[in-house]
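In each ligand, atom 1 is the first atom listed, and ligand 1 is the first ligand listed. Keep in mind that what you see is a predicted model, and the values were worked out from it rather than measured. Computation of the quantities below employed the complete heavy-atom set of this structure, encompassing side-chain atoms and omitting hydrogens, waters and symmetry-equivalent molecules.
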Amino acid sequence: MIKIHPQYDPKTIETAQQQKWASDKRYETCNTKSDKPSRYILSMFPYPSGKLHMGHVRNYTIGDVLSRYYRLKGYEVMQPMGWDAFGLPAENAAIANGVAPADWTFSNINHMREQLKSLGLSIDWSREFATCTPAYYRWEQWLFVKLFNKGLVYKKLATVNWDPVDNTVLANEQVVDGRGWRSGALVEKREIPMYYYKITAYADELLNDLDKLEGHWPQQVITMQRNWIGRSEGMTLNFLYELDGKPLTLEVFTTRPDTFMGVTYVSIASEHPLAQHMAKNNPQLQDFIEECKKGSVAEADVAKAQKLGMNTGFSVKHPITKQDIPVWVANYVLMSYGSGAVMGVPGHDERDFEFANKYNLPIIQVITNDQACCQYDTKNWHDWYAIKGICMNSGEFDGLDYQQMFDKLLAKLEPKGLANKTINFRLRDWGVSRQRYWGCPIPIINCEHCGAVPVPESDLPVVLPTDVVPDGRGNPLNKMPKFTDTTCPKCNQPAKCETDTFDTFMESSWYYARFVSPNDTQGMLDKDHANKWLPVDQYIGGVEHAVMHLLYARFFHKLMRDEGLVNGDEPFANLLTQGMVLAGTFYRENSDGSKTYYFADEVDTDGKIATLKADGLPVTIGKIEKMSKSKNNGIDPQATIKQYGADTVRLYTMFTAPADQTLEWVDDGLKGPYNFLKKVWRYAAEHQATLQHKGLLATNLSTKTDDLNQANLSKTGKNLRRKTHETIAKLDADLGKRLALNTPVSSLMELANELTNFTIASDDDLIIANEALITLLVLLQMFAPHMAEVLLENLGFNPLELTYPSLDASALVQDTITMVVQVNGKIRGELEVAPNSDIDWLKNQAKTLQSVQKYLTGNIIKEIVVPNKLINIVVKG
Ligand code: ANZ
Ligand code: ZN
């Protein structure tokens with residue numbers, strides 16, 4: 001037998017264990033059917049930024065604990081890992097350091113893979129892939145072509161941020177205060193053709209299927225998805241006008257047709273065709289429209305921007321009152337929503353009120369409500385905002401409520417073609433074109449004669465050249481005839497390859513599915529393999545991906561389903577959103593108001609005051625914030641693993657906070673789990689020595705628990721057995737049902753405490769201690785896999801044969817209970833008795849207690865027994 005070193009030495013054992021797991025391919029899974037049920041556990045894959053952070057550590061440890069749990073429970077578990085490898089940071093690094101994005105990315109991957117391995121994750125590395133390889137992205141191109149031919153992908157002009165100095169399109173985050181982040185040039189808006197995925201065709205399904213996820217996904221995420229899809233029921237209404245003698249209509253979308261009689265103006269987007277038309281003979285309006293083009297195109301920025309408008313001098317007729325209504329161009333109207341035109345009801349809409357107030361347009365109250373707080377007045381207007389009620393100042397509609405007005409208006413105008421019941425979604429089609437180099441090429445050939453022609457399936461993939469160092473001045477692919485020059489597949493004339501690449505959300509939308517057959521060269525997915533593993537049983541990731549990523553992945557799943565590639569409607573059966581990892585901050589304020597942040601190890605602090613080690617002068621203790629580079633409050637996982645070992649880091653991140661809540665990192669906190677592991681190690685070593693001395697085997701003793709005679713066990717022995725089996729039941733419920741990963745660690749610590757305090761006084765006691773230790777180690781193996789496995793192996797167990805410890809329900813039964821004895825409701829004594837003892841016997845026992853007898857000074861008129869709890873004797877006299 002191997003001799004256990006009594007000293008816990010994480011460094012040596014962790015490296016050795018990791019090498020062993022790699023060489024025996026312990027965690028590799030196969031795709032053939034097995035008689036075991038399967039579980040697919042997936043933590044969101046990382047962007048290869050270069051360095052693992054604590055958020056990763058938390059994310060991947062949660063996935064790993066659950067993977068190990070289900071393996072013990074007899075499941076075949078797949079836990080894969082890959083790299084979300086396209087994206088802007090690689091191009092920025094290229095600009096800063098002159099390295100090719102491909103080289104930067106792959107060297108980061110190599111580094112981060114080693115970091116991940118040092119955490120001891122039970123990952124199936126045979127399935128690893130990076131999304132920037134043609135073997136992966138060719139299938140994204142393949143699907144694009146299929147969808148293009150089905151009409152689910154289309155081309156449309158779109159507005160982008162344009163940097164006129166660098167001649168490049170900027171992402172929203174590259175626009176800083178209206179200027180290009182690199183050049184400092186004022187950013188312009190430009191219209192360029194882009195490809196769109198028709199996600200709106202799936203809007204209803206994406207919304208309705210959220211019902212299926214109820215109870216399996218965090219409610220907050222479901223709500224965010226619902227809001228993002230944003231279904232609004234309302235009406236399109238038409239105002240009338242004439243142009244060159246022709247009768248025409250201007251369409252608006254409203255969710256409040258009940259306010260139709262309160263319209264005092266109509267505002268249209270600057271891109272609206274009517275605005276464009278009016279501007280032809282109106283240079284001032286032309287200038288204003290140009291002005292609207294400036295600034296960010298992000299919807300949130302549009303909402304925040306100051307409301308600006310200009311009267312076109314043109315008016316339309318209200319179809320009921322026949323009054324003239326002025327038409328304004330306004331910067332807050334989005335061309336992409338509804339009809340790109342809004343009926344202005346400043347009496348009841350917040351933005352319209354602000355606009356009308358600014359430009360002195362009339363404000364009319366048309367809704368009243370007895371519940372409203374106060375007299376309607378434009379000064380307390382805000383109290384009336386968004387209130388539904390009864391129509392007033394609305395002529396023939398006076399006195400009607402929302403629904404009545406809705407129905408009457410529709411009945412009146414629909415036959416004339418002036419109104420329609422309309423459902424609008426806030427969700428927009430997904431623009432997937434990016435004018436970037438480091439992404440998946442869009443497989444389109446632009447031909448002068450045939451237009452946009454998809455690359456034939458047999459010519460896929462369109463491979464992105466990797467020996468390129470972008471300089472930030474436009475897409476380098478445009479300067480590479482080797483890439484762009486081609487012939488049109490339709491007419492065989494010279495043509496150009498598209499140089500735009502896909503939004504990187506495309507790659508992360510289906511990687512979960514590719515893991516089932518990562519090396520398939522024949523198709524996007526292998527259907528049999530997909531059937532075996534999908535949907536993902538447990539998905540784990542940050543709540544920051546609650547909207548976009550999850551929505552796009554759900555959309556892709558439905559697209560792939562409709563291509564016949566996967567079954568089922570949803571990709572992720574269960575979702576856990578892990579909380580952020582936070583840490584304290586230390587800073588000094590500079591004379592210009594900016595702050596210089598210091599790392600925790602540069603500072604001496606008692607928690608109340610802090611000084612900088614370098615100069616001994618005070619620094620300010622700042623807020624506890626998300627670990628970030630800008631605040632210098634990140635804790636390096638690698639350094640922490642080096643100091644304590646991965647097992648301690650894993651335990652610490654699991655038990656410090658519930659998985660879905662924020663975790664406040666405190667370096668000193670690592671000592672607790674570290675000492676716990678040391679204690680378990682020492683106990684196991686002593687236990688092994690005892691067994692060796694007696695010529696016994698732990699594996700052998702383990703089989704003897706069934707033969708224990710319950711009746712003859714010592715009281716302390718029974719208590720330890722009960723604790724052992726309570727722990728088995730508790731962890732099963734915590735991990736399998738409640739997704740609680742912090743409380744199991746405390747339970748294991750409690751079990752270890754009882755075990756180390758237990759005195760072995762008999763052969764039976766030794767069997768019980770042995771059972772407790774083996775149970776502790778098997779369960780601990782999920783959290784601290786390196787040390788637990790080494791200890792189990794040293795005790796003679798084969799780690800490949802470990803299963804979740806079986807629960808002995810009889811061990812949970814308490815064989816005596818304490819009952820309270822009262823006289824006239826006051827506690828006068830206690831009885832140690834067997835549970836469910838005979839009631840009459842209990843009454844007699846109670847009366848024999850000395851402490852009780854003292855008070856039985858009169859006639860006993862009543863004896864009440866609450867089973868297993870109390871006995872109350874009522875006396876009088
Ligand atoms: C009149 C009105 C009165 C409105 C009122 C609201 C309250 P949701 O709920 O998000 O669908 N709207 C319509 N098209 C728009 C566009 N292209 N750009 C900006 N705003 C637009 O919002 C629907 C409401 O947003 C519509 O209902 C319209 O204003 C405005 F007391 O019409 B409402
Ligand atoms: Zn052609």
Problem - Close aromatic pair by centroid cut-off 6.0 Å: His216 and Phe572 - result: no

Exercise for the section: Please report which non-hydrogen protein atom sits nearest to atom 5 (C) of ligand 1, along with the residue it belongs to and the distance in Å to one decimal place. Expected result: Arg256 CG, 3.6 Å

Exercise for the section: Report yes or no: does Ser232 have a heavy atom closer than 4.0 Å to ligand 1? Expected result: yes

Practice task
Number the atoms of ligand 1 from 1 as they appear, then name those within less than 4.0 Å of a heavy atom of Tyr332, with their elements.
Solution key: 19 (C)

Exercise for the section: Using a strict 4.0 Å cut-off to heavy atoms of Tyr337, name the atoms of ligand 1 that fall inside it. Expected result: 8 (P), 10 (O), 11 (O), 14 (N), 15 (C), 16 (C), 17 (N)

Exercise for the section: Determine the interplanar angle of the Trp438 and Phe86 rings, folded into 0 to 90°, and report it as parallel if under 30°, tilted if 30 to 60°, perpendicular if over 60°. Expected result: perpendicular

Handout entry: atom 15 (C) of ligand 1: nearest protein contact (heavy atom, Å)
Key = Val342 CG2, 3.4 Å

Problem - Ionic contact status for Asp569 with Lys212, cut-off 4.0 Å - result: yes

Practice task
Give the ring-plane orientation class for His549 versus His545, where under 30° counts as parallel, over 60° as perpendicular and anything between as tilted.
Solution key: perpendicular

Practice task
Please report which non-hydrogen protein atom sits nearest to atom 27 (O) of ligand 1, along with the residue it belongs to and the distance in Å to one decimal place.
Solution key: Thr255 N, 3.1 Å

Handout entry: ligand 1 to Asp349 polar contact by distance, N or O atoms, under 3.5 Å
Key = no

Exercise for the section: Verify the neighbour count for atom CD of Glu448: are there more than 12 heavy atoms of other residues, nucleotides or ligands below 6.0 Å? Expected result: no

Exercise for the section: Measure from the Zn ion (ligand 2) to each N, O or S atom of Cys491 and report whether any distance is below 2.8 Å. Expected result: yes

Fill in the blank from the handout: Ranked by distance from atom 13 (C) of ligand 1, the top protein heavy atom is Phe253 O, 3.2 Å

Practice task
Take every heavy atom of Met343, measure it against each atom of ligand 1, and state whether any distance is under 4.0 Å.
Solution key: yes

Handout entry: Region of Val333 that comes within reach of ligand 1 [heavy atoms, distance under 4.0 Å]
Key = both

Practice task
Just need the protein heavy atom nearest to atom 30 (C) of ligand 1, so name the residue and atom and give the distance.
Solution key: Arg351 NH2, 3.6 Å

Problem - Validation row, ring centre Phe239 to ring centre Phe260 under 6.0 Å - result: yes

Practice task
Tell me which part of Met335 gets within contact of ligand 1: side chain, backbone, both or neither, using heavy atoms under 4.0 Å.
Solution key: neither

Practice task
Might you work through the ring-ring contact (aromatic ring centres under 6.0 Å, His included) test for Tyr137 and Phe502, ending with a clear yes or no?
Solution key: CA-CA 10 Å; Tyr137 65 67; Phe502 283 137; 9.3 Å; no

Fill in the blank from the handout: ang(SG Cys450, the Zn ion (ligand 2), SG Cys447) rounded to 10° is 110°

Exercise for the section: Consider every N or O of Asp352 and every N or O of ligand 1, then say whether any pair is closer than 3.5 Å. Expected result: no

Fill in the blank from the handout: Rounding to 0.5 Å, atoms CH2 (Trp142) and CG (Leu460) come to a distance of 10.5 Å

Practice task
Below 4.0 angstrom from a heavy atom of Gly340, which ligand 1 atoms are there? Numbered from 1 as shown, please.
Solution key: 17 (N)

Exercise for the section: Using a strict cut-off of 4.0 Å, indicate which atoms of ligand 1 neighbour a heavy atom of Leu334. Expected result: 16 (C), 17 (N), 18 (N), 19 (C)

Exercise for the section: Answer yes if the ring centres of Tyr195 and Phe144 are under 6.0 angstrom apart, and no otherwise. Expected result: yes

Exercise for the section: Select one of side chain, backbone, both or neither to describe which atoms of Thr254 lie under 4.0 Å from any atom of ligand 1, heavy atoms only. Expected result: both

Handout entry: Carboxylate-amine/guanidinium proximity below 4.0 Å for Arg434 and Asp500
Key = no

Exercise for the section: For atom 31 (F) of ligand 1, find the nearest protein heavy atom and state the residue, atom name and distance (0.1 Å precision). Expected result: His348 O, 2.9 Å

Problem - Within the 6.0 Å centroid threshold, strictly below: Phe355 and Trp328 - result: yes

Fill in the blank from the handout: The residue among Lys150, Lys558, Lys146 that forms salt bridge (Lys or Arg N to Asp or Glu O under 4.0 Å) with Glu563 is Lys150

